[in-house]
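The structure appears below as structure tokens.
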Amino acid sequence: MRKVFVETYGCQMNEYDTELVKAILAEARYGFTKDELEADVVMLNTCAIREHAHRKIYGRIHDIKYRRSQKHNIAVKDDPVKFGILGCMATNLRTELLENRNLDIDFIAGPDSYKRLPQLISESFGEGAKGFDLTLSEFETYSDIYPRREDGINAWIAVMRGCNNFCTFCVVPYTRGRERSRSLENVVDEARRLADDGFKQITLLGQNVNSYKHEEHDFADLMAAVAQVKGIERVRFTSPHPKDFPDKFLDVMAEYPNICKQIHLPLQSGNDRILELMNRTYTQDEFLKLVDKIRHKIPNISFSTDVIVGFCSETDDEHRDTYEVMKQVEFDSAFIFKYSERKQTIASRKMKDDIPDAIKTERIVELNELQKDISLKKNQEHIGRIEAVIIESLEASKTKDAYFGKADSNKTVIIRKQGETGLEVGDIVHVHIEDASPNVLRGAIK
Ligand code: SAH
Ligand code: SF4
Ligand code: F3S
């Protein structure tokens, strides 16, 4: 039996796709290994969202090849291993990857071609030409495949794939194609099966998860249906787009206690001219009004966001608008990125990546400092409260004397042990929060 090693980069959708790939390969009678030096097939499920994402892949391929040749005492070119590239870099760089002699890749498959992997792999062991399938589909949702997940309490379900938004900086519409959704029944069936398998927390995934639409069902219907599945203690979703937050959806969120009161709401920029250049379809004012509306309907909501600094032609004053919006909204956490020009995107074709890296660095440092203070302040507001925390590990990474868990807000909680017995991963405990830092809450079971 051929043994496959798969490594995953990028977002949760890619993690989910790796679980799909494993299910497809297990069905085709492949085995798996966690040791890249012993595998017969090495596959990297790649990301293309920012520049360092693909530099990392090139480095990793060379590193694996070199260490395999050392270990097996053979020249790199004589190693019978097959290397495959999956995921977004595959559809972003396309055949350029196969033609790159330095990399010497054997097969590539884009995000909609994973059902063809058994064939592509077996072809790569033959004499013929290298195999690739980069076709993007309008229909493929893999709804007939039950992903092969690691044991645990957290599971992802991709409910829609692809993106129709074409934000001008973003490569995803090109790497993953058009939006398509699974049926509500099919998603609920998967959630039921997950509950039967002992999973407690489900995160519904999509590049624009709240644009979910299948026949008469929208995202509000889907969330409500999944929240009603017995045994599912927590439901989350990511990533939504600010354009799709109808009252109906916010009402569902407020109504179901097991829908976590947490929203990842990507801002990208706080300046109207830049938002327009990015094709985000909202203004600063509309974004701020949405935040107010959500806070009004769901007072205990926690927000995270994504921000890009140094987008084409962004001035200091325009950057300042982003700073002010972040200061005003007070997100619980923020992921801040330097703009990185990506092949195929509208920005790469029509705009100039003209902000020097040193200025991008200044801007990112400034926003990170601001956010660190805000995160600390927001976390300190939890001190003294009792929070429901789901235990994800019976030992925290730095100490055995604490449990590791997640609050409803998705904040990490380190729970000091007090001699409890019989606690298990997946239990929800009530924790008295005693201390906070920008990244974690600390406390003990009440
Ligand atoms: N569909 C998600 C985004 C997925 S990409 C959404 O709309 O929220 C995750 C984040 O990466 C984006 O929110 C954006 O902040 C960042 N990003 C995407 N393309 C980028 C680029 N070219 N340069 C820098 N950051 C980028
Ligand atoms: Fe990219 Fe925009 Fe689509 Fe998100 S909504 S995946 S940022 S194009
Ligand atoms: Fe990366 Fe593709 Fe996800 S580009 S962030 S792996 S959708």
Side-chain angles (χ1 to χ4, degrees), residues 7-18 20-21 44-54 56-57 85-93 109-112 114 136 156 158-179 204-212 237-245 263-270 274-275 277-282 287 303-312 314 322 326 331 333-349 351 353 355 357 360-361 363-364 367:
E7 190 162 86
T8 313
Y9 296 79
C11 61
Q12 289 150 326
M13 186 63 94
N14 252 17
E15 301 272 351
Y16 181 83
D17 283 357
T18 290
L20 286 172
V21 164
L44 304 184
N45 189 3
T46 61
C47 172
I49 203 83
R50 284 173 292 274
E51 194 181 6
H52 67 248
H54 85 249
K56 220 153 102 185
I57 297 292
I85 299 279
L86 320 182
C88 290
M89 241 179 84
T91 37
N92 186 218
L93 299 183
D112 289 341
Y114 296 148
L136 290 170
W156 291 300
V159 301
M160 57 85 68
R161 301 175 70 90
C163 179
N164 291 349
N165 287 345
F166 291 92
C167 300
T168 54
F169 54 80
C170 184
V171 78
V172 172
Y174 307 91
T175 63
R176 287 187 170 268
R178 296 293 67 75
E179 283 178 13
L204 303 186
L205 289 183
Q207 261 75 41
N208 270 292
V209 71
N210 52 340
S211 308
Y212 173 89
F237 59 97
T238 202
S239 275
H241 191 289
K243 74 183 166 64
D244 283 322
F245 275 97
I263 299 180
H264 183 67
L265 198 65
L267 168 68
Q268 312 301 3
S269 164
I274 295 294
L275 284 169
L277 276 183
M278 288 176 163
N279 190 31
R280 287 295 289 180
T281 70
Y282 51 84
F287 189 93
F303 282 116
S304 55
T305 197
D306 290 339
V307 169
I308 296 177
V309 297
F311 186 62
C312 310
E314 183 188 63
T322 304
M326 289 178 71
F331 298 100
S333 61
F335 302 90
I336 305 164
F337 308 104
K338 287 184 193 176
Y339 171 60
S340 158
E341 188 175 87
R342 309 279 67 209
K343 266 203 175 99
Q344 293 175 305
T345 60
I346 298 164
S348 77
R349 287 181 270 132
M351 299 171 211
D353 179 12
I355 306 301
D357 189 62
K360 290 180 184 170
T361 303
R363 291 179 184 169
I364 201 173
L367 295 188

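Start at 1 and go down the list; that is how both ligands and their atoms are numbered.
- A donor-acceptor distance shorter than 3.5 angstrom exists from the side chain of Arg280 to the backbone of Pro266, with no hydrogens or angles considered.
- The 4.0 Å heavy-atom shell around ligand 2 contains residues Cys163, Asn165, Phe166, Cys167, Phe169, Cys170, Val172, Pro173, Asn208, His241, Arg280, ordered by chain and number.
- From Thr46, atom OG1 reaches atom CD1 of Ile85 across 5.5 Å, with rounding to the nearest 0.5 Å.
- Summary of contacts: the protein heavy atom closest to atom 4 (S) of ligand 3 is Ala48 N, 3.3 Å.
- Here CD of Glu7 is found 10.5 Å from CG of Asn45. Values are rounded to the nearest 0.5 Å.
- Side-chain atoms of Asn14 and Thr8 include no donor-acceptor pair closer than 3.5 Å.
- Each protein N, O or S atom less than 2.8 Å from atom 3 (Fe) of ligand 3 was counted, giving 1.
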* Start with the C-alpha distance between Asn208 and Asn165, add both sets of side-chain angles, then the distance that settles side chain to side chain donor-acceptor pair (under 3.5 Å), and finish with yes or no. => CA-CA 9 Å; Asn208 270 292; Asn165 287 345; 3.0 Å; yes

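- In this structure, CD in Gln344 is found 8.0 Å from CZ in Arg349, a value given to the nearest 0.5 Å.
- Here SG of Cys312 is found 11.5 Å from CD1 of Ile346. Values are rounded to the nearest 0.5 Å.
- Using a 4.0 Å cut-off between a side-chain N of Lys or Arg and a carboxylate O of Asp or Glu, Lys360 and Asp353 qualify as a salt bridge.
- Looking at Lys343 and Ser348, their side chains never bring a donor and an acceptor atom within 3.5 Å of each other.
- Here the CG atom belonging to Asn210 is positioned 7.0 Å from the NZ atom belonging to Lys243, to the nearest 0.5 angstrom.
- Within 4.0 Å of ligand 1, heavy atoms belong to protein residues Ile49, Arg50, Phe169, Gln207, Ser239, Pro266, Gln268, Arg280, Asp306, Ile308, Phe337, Lys338, Tyr339, Ser340, Arg342.
- Annotation: the span from Thr175 atom OG1 to Asp112 atom CG amounts to 9.5 Å, rounded to 0.5 Å.
- Phe287 and Tyr282 have tilted rings, their planes meeting at an angle from 30° to 60° on a 0 to 90° scale.
- Among residues two or more places apart in sequence or in another chain, the ring pair (Phe, Tyr, Trp, His ring centres under 6.0 Å) test is passed with Tyr339 by Phe311.
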